[in-house]
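The structure appears right after this line, and notes come after that.
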Number of protein chains: 2
Amino acid sequence: MPKASTGKPTIVDVAEKAGVSRATASRALSNYGRINAATQLHVRRVAEELGYRPNEVAKAMRRGKTKTIGLVIVADFTNAFFDRATKGVVDAARELGYQVLITNTNEDLAAERSAIITLIEKQVDGLIVVPAATAIPDHLTPDQLDNKPIVFIDRRIDGLQVTSITTEDFQGAEEAVRHVLSLGHKRLGFLIAASGVAGFTQERPPLLLSTVEDRINGFAKAASDGGIKPKMQTWLYCEDLPSASEAAVMRLLDQPKPPSVILTSNNDMALAVLKVAGNRQLTIGKDISLVTIDDSQWLEAMSPGITVVARPVEELSRIAVEKLVANIEEPGQPEEQIALPVELVARGSVANLILRPELWME
Amino acid sequence: MPKASTGKPTIVDVAEKAGVSRATASRALSNYGRINAATQLHVRRVAEELGYRPNEVAKAMRRGKTKTIGLVIVADFTNAFFDRATKGVVDAARELGYQVLITNTNEDLAAERSAIITLIEKQVDGLIVVPAATAIPDHLTPDQLDNKPIVFIDRRIDGLQVTSITTEDFQGAEEAVRHVLSLGHKRLGFLIAASGVAGFTQERPPLLLSTVEDRINGFAKAASDGGIKPKMQTWLYCEDLPSASEAAVMRLLDQPKPPSVILTSNNDMALAVLKVAGNRQLTIGKDISLVTIDDSQWLEAMSPGITVVARPVEELSRIAVEKLVANIEEPGQPEEQIALPVELVARGSVANLILRPELWME
DNA sequence: AGGATTTGTGAGAACGTTCTCGCAAGTCTC
DNA sequence: GAGACTTGCGAGAACGTTCTCACAAATCCT
């Protein structure tokens with residue numbers, strides 16, 4: 001009497017029914033070691049017939065590899081980064097035979113820490129992280145990471161020897177400023193998203209994400225290179241919250257001599273500019289100009305389209321996955337800091353003050 | 001001489017160092033069965049000291065539960081559904097102690113099939129799926145699913161006894177039409193995203209996603225109830241592609257008697273309207289009106305803001321996770337078809353033809 | 001005080017794979 | 001035709017947990 005084949009068929013059931021040993025069945029199905037072609041075919045047929053599905057957990061257990069990578073990301077609604085990066089990572093991973101375990105930190109260090117612990121416990125083979133920290137955190141040590149490879153995306157943590165895939169934010173910011181200067185703008189407003197501040201402030205906060213830091217430096221460099229005096233620049237560092245950013249925009253506009261253009265460090269800030277402009281019946285690209293960072297279909301579809309620094313987020317994600325998988329499958333790859341080029345996409349949101357000087361009141 | 005403690009410490013190492021058996025160590029750490037409080041404390045201390053991290057794969061193996069749910073979603077850039085749903089699912093799952101394995105079908109049945117097989121092999125405890133199919137597919141049978149619970153979101157598959165969490169798309173569409181009628185619109189253009197058509201067509205394709213179907217029916221019902229004759233309505237079914245949808249919008253506008261308002265079935269279509277309007281210097285809310293389904297911060301921030309039927313996507317995701325987990329932890333829950341209420345958010349994208357009849361040429 | 005119950009622990013099987021050996025039979029080499 | 005090599009397969013350990021069972025010691029009850 002055959003054993004009660006209760007539940008899902010395992011490889012034992014297949015082996016039994018095919019009249020071979022577990023080992024042979026395994027070889028036949030997973031295609032390794034020495035196996036007679038006829039036997040293999042037979043086993044596979046039997047497996048098919050039985051509706052056998054391998055148990056990947058058992059495989060992972062035995063092999064010490066889960067074929068899974070962990071994604072630790074900050075999910076943010078407007079920031080197009082989240083969905084584009086997630087999609088990029090998931091698709092690239094699948095192509096390389098990996099699945100993605102996704103976790104979300106709300107830009108919160110404690111959440112990031114616990115997410116990473118969970119992922120490590122789940123035995124992911126590697127991690128892709130958008131690090132929330134700016135200083136070197138203690139949960140990213142090789143020990144805590146179980147010596148699993150890790151790749152940062154979007155942000156570096158300077159001083160930490162970790163592969164990171166970012167974009168040329170400094171150059172992008174520079175280019176944005178050069179663009180507005182070339183159109184005759186002379187009074188510039190900068191609206192910078194900064195975690196750690198409440199509301200908004202003119203003082204530059206000490207700790208900023210590398211991405212933000214780069215953008216600030218790029219903005220500042222190009223402004224200075226363009227001969228824009230500090231008093232012609234207004235810098236506002238702002239909590240990443242609609243209420244705060246809208247208040248900051250109003251402050252910008254309510255100065256005695258308001259800027260003719262606002263450059264924002266991310267799309268949350270751009271959104272605030274759009275809203276306040278809408279409320280005040282100001283026309284973008286005429287009454288007030290706007291440049292932001294990170295493209296989106298919406299920014300393109302608006303009238304006028306918003307001029308942006310477009311970042312190759314999908315490509316960034318792909319590369320991150322490729323680097324990670326390379327390091328998983330052949331450990332000991334050198335760390336790299338890769339920054340992908342960005343592109344200024346000029347649309348109609350920046351007024352041409354040279355052709356139409358009437359738009360600019362000194 | 002103690003055993004060479006190579007690699008990461010396991011529960012055996014903890015047990016050894018604590019001077020207890022594996023079983024006791026397990027009890028101490030996982031908090032079950034009978035265990036002396038002092039022993040437990042001691043074991044935990046030792047574990048801490050050793051930097052022990054449980055191996056969740058081994059746990060899953062033994063327990064037959066991975067504490068992981070699979071998410072099968074269609075990643076789509078503009079469709080705000082993807083990111084909002086993903087975030088909703090991930091957050092809700094974490095709160096209930098589950099992790100999320102995410103896969104992306106590009107609205108492709110074969111990809112969906114293979115994604116589901118992979119997830120089942122990875123032994124997820126349950127699945128949340130945005131089904132691409134409209135007819136009953138063979139990869140969603142209990143057998144293929146290993147009897148794992150499954151919940152559909154965003155779409156039903158009629159005739160399949162599966163719990164689904166959707167929104168009241170019929171009512172939302174109705175309300176959208178009632179809204180435009182109340183503002184005096186009489187000639188209506190409907191732009192419906194439809195997979196399976198090439199370009200666009202006036203003939204209604206046979207197989208549509210339940211969501212789309214509901215929206216069409218809602219639109220049609222309210223138009224008919226409002227006394228809008230068929231010849232005052234133009235229906236275009238359109239491939240979900242920028243080129244196709246923009247061509248469709250142009251066709252809509254280039255009719256001898258174009259509609260005063262376009263109602264779109266999703267935001268890809270709305271995007272096309274915005275772009276074409278922008279190209280033709282038509283002002284939204286004046287020269288042409290627009291209503292779409294699914295809100296986004298961008299639609300709110302534009303000037304004028306776009307009137308939308310807002311759907312509670314995060315709530316939908318939460319409920320899906322809760323229902324799924326309930327069914328995982330206590331199998332045999334009844335199937336439910338839940339549809340969450342939607343809300344019309346009136347903004348400035350629909351012209352008031354009653355107050356300003358000059359905007360309307362008969 | 002003696003039996004009944006409770007408490008705490010350990011031995012060992014089990015989850016479903018893969019992998020290392022070893023061995024028998026077949027094939028090559030000269 | 002005898003040794004060397006190759007091929008194909010099976011036995012059994014291993015991965016790191018949990019869980020069942022058994023049992024000794026401690027506690028309870030009357």
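These values consider heavy atoms only, across backbone and side chains, with no hydrogens, waters or symmetry-generated copies.
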Full working for side chain to side chain contact (heavy atoms under 4.5 Å, CB included) between A:Thr66 and A:Lys122 | CA-CA 9 Å; A:Thr66 52; A:Lys122 288 255 185 193; over 6 Å; no
side-chain hydrogen bond (donor to acceptor under 3.5 Å, both in side chains) partners for A:Thr103, two or more places apart | none
Before accepting this row, confirm whether a basic side-chain N of the pair A:Glu329/A:Lys67 lies closer than 4.0 Å to the acidic partner's carboxylate O.
-> yes
Intermediate values then yes/no, side chain to side chain contact (heavy atoms under 4.5 Å, CB included), B:Tyr52 and B:Val43 | CA-CA 11 Å; B:Tyr52 167 76; B:Val43 171; over 6 Å; no
Presence of salt bridge, B:Glu107 and B:Arg155, under 4.0 angstrom = yes
Nucleotide N/O to protein N/O under 3.5 Å, stretch nucleotides 23-25 of chain C:
none

Measure from NZ on A:Lys65 to P on C:dC19 and round the result to the nearest Å.
-> 13 Å
Of all residues at least two apart in sequence or in a different chain, which pass the side-chain hydrogen bond (donor to acceptor under 3.5 Å, both in side chains) check with B:Arg113?
-> B:Asp138
Identify which one of B:Ile157, B:Leu127, B:Thr163 satisfies the side chain to side chain contact (heavy atoms under 4.5 Å, CB included) criterion when paired with B:Phe152.
-> B:Ile157
Value in whole Å for how far the P atom of C:dG26 lies from CG of A:Asn36 | 13 Å
Do any of residues 115-122 of chain B sit with a heavy atom less than 4.0 Å from DNA chain C, and if so which?
-> none
Please state how far atom CZ in B:Arg34 lies from atom C1' in D:dA25, giving the value in whole angstrom units.
-> 14 Å
If you look only at pairs with a residue in residues 27-38 of chain B, which of them pass as a salt bridge (Lys or Arg N to Asp or Glu O under 4.0 Å), with sequence neighbours excluded?
-> none
Name each donor-acceptor pair under 3.5 Å that joins a side chain in residues 53-65 of chain B to protein atoms two or more places apart or in another chain, with its distance.
from: B:Arg53; atom 1: NH1; to: A:Glu121; atom 2: OE2; distance (Å): 3.3
from: B:Asn55; atom 1: OD1; to: B:Val57; atom 2: N; distance (Å): 2.8
from: B:Asn55; atom 1: OD1; to: B:Ala58; atom 2: N; distance (Å): 3.1

Each nucleotide of nucleotides 10-23 of chain D classed B (base within 4.0 Å of a protein heavy atom), S (only sugar-phosphate) or -, in 5' to 3' order, makes BBBBBBBBBB----
Partners meeting salt bridge (Lys or Arg N to Asp or Glu O under 4.0 Å) with A:Glu49 (sequence neighbours left out) | A:Lys17
Sequence neighbours excluded, the answer for side-chain hydrogen bond (donor to acceptor under 3.5 Å, both in side chains) partners of B:Lys323 is B:Glu336
Sorted by chain and number, sequence neighbours left out, salt bridge (Lys or Arg N to Asp or Glu O under 4.0 Å) with A:Asp125 holds for none
For DNA chain C, the residues among residues 39-51 of chain B that have a non-hydrogen atom under 4.0 Å from it = B:Thr39
side-chain hydrogen bond (donor to acceptor under 3.5 Å, both in side chains) filter on A:Ser317, not counting sequence neighbours, yields none
